[in-house]
Amino acid sequence: MDRLLLQTLFIFTMLWSFSAQAVSDTANKSNTVRITSPFEFTSLDPSQQGYLFTRMQVIETLLNVNEQGTLVAGLATQWSINDQGRVWRFELRPDVRFHNGTALTAEGVVNSLRRAQERQGPFNKVPVKHIRVDEQNQVIIELERPYRTLGAVVAHYSTAIIAPAGLDDKGQVTQLVGTGPYQMVSFEPPHAFQVQRFDSYWGQVASIEYATYLTSHRAESRVLQARTGQADVVFNLDPASVMQLKRLPSVQLESLNLPRTLMVKVNSQHPFLNEPNARRALSLAINRVGIAQAILRTPGAETDQLLPASMPLWHLDREMEPSDLTHAKALLGQLGWVADDEGVLVRDGKPFSLRLITYADRPELTTVATALQDQWKQLGIQVSVDITNSSSIPAGHQDGTLEMALIARNYGFIADPLEVIRLDFGSEQGGDWGAMGWDSETQKDIEQMSDVNDPQRYKALAQKVASAIYDERPVIPVAAYTQHVAVQKRVKGFKLDPYERTFYINEWEWSK
């Protein structure tokens, strides 16, 4: 076995041990489910790493999202919209307790929402006029103008409701006190935290007493943890490891297609990429079928559309454009690119050379990046691949140095994809994980969609936006994303959430 992997396994084991000892003498392997994924954390603030704390079921939001992407009750049991969409009223669930024993109140919810409004996140972009409590102890959000996706925004992890007792006098989170079925008992950033069952939870009380989360960056390390049983639930497995894990009698494999797309983010102001036909040529040179079958091990995952068919308002009724190197070369030839003696495209004395960055948190990205490098080489384009931290992508977007990036963008982290589309494509500046330097009339269509209540008009605009993104390629989709998870058979009741909001730990049990 690789020496580095053995060292990693030893460190991993010690971290589990130290984490459990730091919490309680009663937390041990028999009563603790151990979860690992590649994502680290640095803050208790829901606006930053709230996606981990909702998945570990420490914090909750006013509304939830079911497996079909529909808004359902959360801490609010009912909600209504009136005054032409400008006033939203939320009726709170009775008898909800925070982890410190204090009651959930409308005033506390208002304070949490106002705090979320001041921080980075989708709620910061909502045209809120007032957030207040009415005489019936309900929470009222009054808007400057109609905003049809407000329900999806208050279901986002950044708007989770937390107790005032966990904040200092500057509003910083010093202790994460939520309402979920598990409460935080140990926090050791950036790699480990542990939660314990909250016996006064308003909903289904958990069967498993403790759960521990640990960051594990290397795909090989996560596979080793699954093989040896050092982790009970291992997320983000690379496709190549799935087959070997399937042979283990102690492990069951779970896979699910997510509303997440592997795609190439493109700098549309780069002198080599500022023409739609240049970006289309890059797209035509991609052998998506080969990538889906040989690398992702998921035939049928190939796609050249941003959003999946499960989001029909945004999915176009057209066949995927097949790989076509001849057509791609012709398009670039029309833009003045000529192949030299070595087959490299040259224009005005400059070779067609680009830098593609990606990150290893999602293990398939590095392999797909290498495949794209080879496929674009056949087109005559020199591409260097740089494996770096995911934070380099928004940094490169902000300072303008990014040329291309291979990413896996989640279009389901807000229940209505319009919010993500607005973040990524709603301005010429684009978004950290979306378009870059793409100047299009589409941005006006995106902005007006929040005010549209007519379903047919809304669908027409969604299709128009999807068509513009498809035709002009400010990003280049490659494949749909499949989540692969290894679960030790001592854990019963595991299931995957397609919207990645929760791990459903309170529904798990120990197998007999």
Taking Leu245's backbone N and O only, do any of them form a donor-acceptor pair with Arg227's side chain (distance below 3.5 Å, no angle check)?
no

Any side-chain heavy atom of Ser391 within less than 4.5 Å of one from Tyr359?
no

Name the orientation class of the two ring planes belonging to Phe187 and Phe193 (parallel below 30°, tilted from 30 to 60°, perpendicular beyond 60°).
tilted

CZ of Phe413 to NE2 of His156, rounded to nearest 0.5 Å, is 4.5 Å

Between Asp304 and Arg288, does at least one N-O distance fall below 4.0 Å, as a salt bridge requires?
no

Do you see a donor-acceptor pair shorter than 3.5 Å between the side chains of Arg222 and Asn236?
no

For Arg297, all residues meeting side-chain hydrogen bond (donor to acceptor under 3.5 Å, both in side chains), sequence neighbours excluded:
none

Plane angle bin for Phe494 and Trp508 - parallel if under 30°, tilted between 30 and 60°, otherwise perpendicular
tilted

Distance, nearest 0.5 Å, that separates CD1 of Ile381 from CZ of Phe272
10.0 Å

Pairs involving residues 491-500, ordered by first then second residue, that meet salt bridge (charged side-chain N to carboxylate O under 4.0 Å, His left out) (sequence neighbours left out):
Glu67-Lys495, Arg260-Glu500, Lys495-Glu507

Decide, yes or no, whether a salt bridge links Asp45 with Arg115 under the criterion of side-chain N to carboxylate O below 4.0 Å.
yes

According to the side-chain hydrogen bond (donor to acceptor under 3.5 Å, both in side chains) rule, which pairs have a member within residues 162-181, sequence neighbours left out?
Glu60-Thr179

side-chain hydrogen bond (donor to acceptor under 3.5 Å, both in side chains) filter on Ser30, not counting sequence neighbours, yields Asn28

Salt bridge (charged side-chain N to carboxylate O under 4.0 Å, His left out) partners of Arg409, counting only residues at least two apart
Asp424

Please indicate whether Lys377 has more than 12 foreign heavy atoms, meaning atoms of other residues, nucleotides or ligands, lying under 6.0 Å from its NZ.
no

Could you check whether any side-chain N or O of His99 sits under 3.5 Å from a backbone N or O of Leu176, counting only pairs where one atom can act as donor and the other as acceptor?
no

Is a donor on one side and an acceptor on the other found under 3.5 Å between the side chain of Gln57 and the backbone of Asn506?
yes

Are Arg473 and Tyr470 in a cation-pi setup, meaning NZ or CZ lies under 6.0 angstrom from the ring centre and within 45 degrees of the ring axis?
yes

Which residue pairs pass the side-chain hydrogen bond (donor to acceptor under 3.5 Å, both in side chains) test with at least one member in residues 367-376, sequence neighbours excluded?
Asp374-Gln378

Derivation of the side-chain hydrogen bond (donor to acceptor under 3.5 Å, both in side chains) call for Tyr210 and Thr26
CA-CA 10 Å; Tyr210 293 97; Thr26 61; 2.9 Å; yes

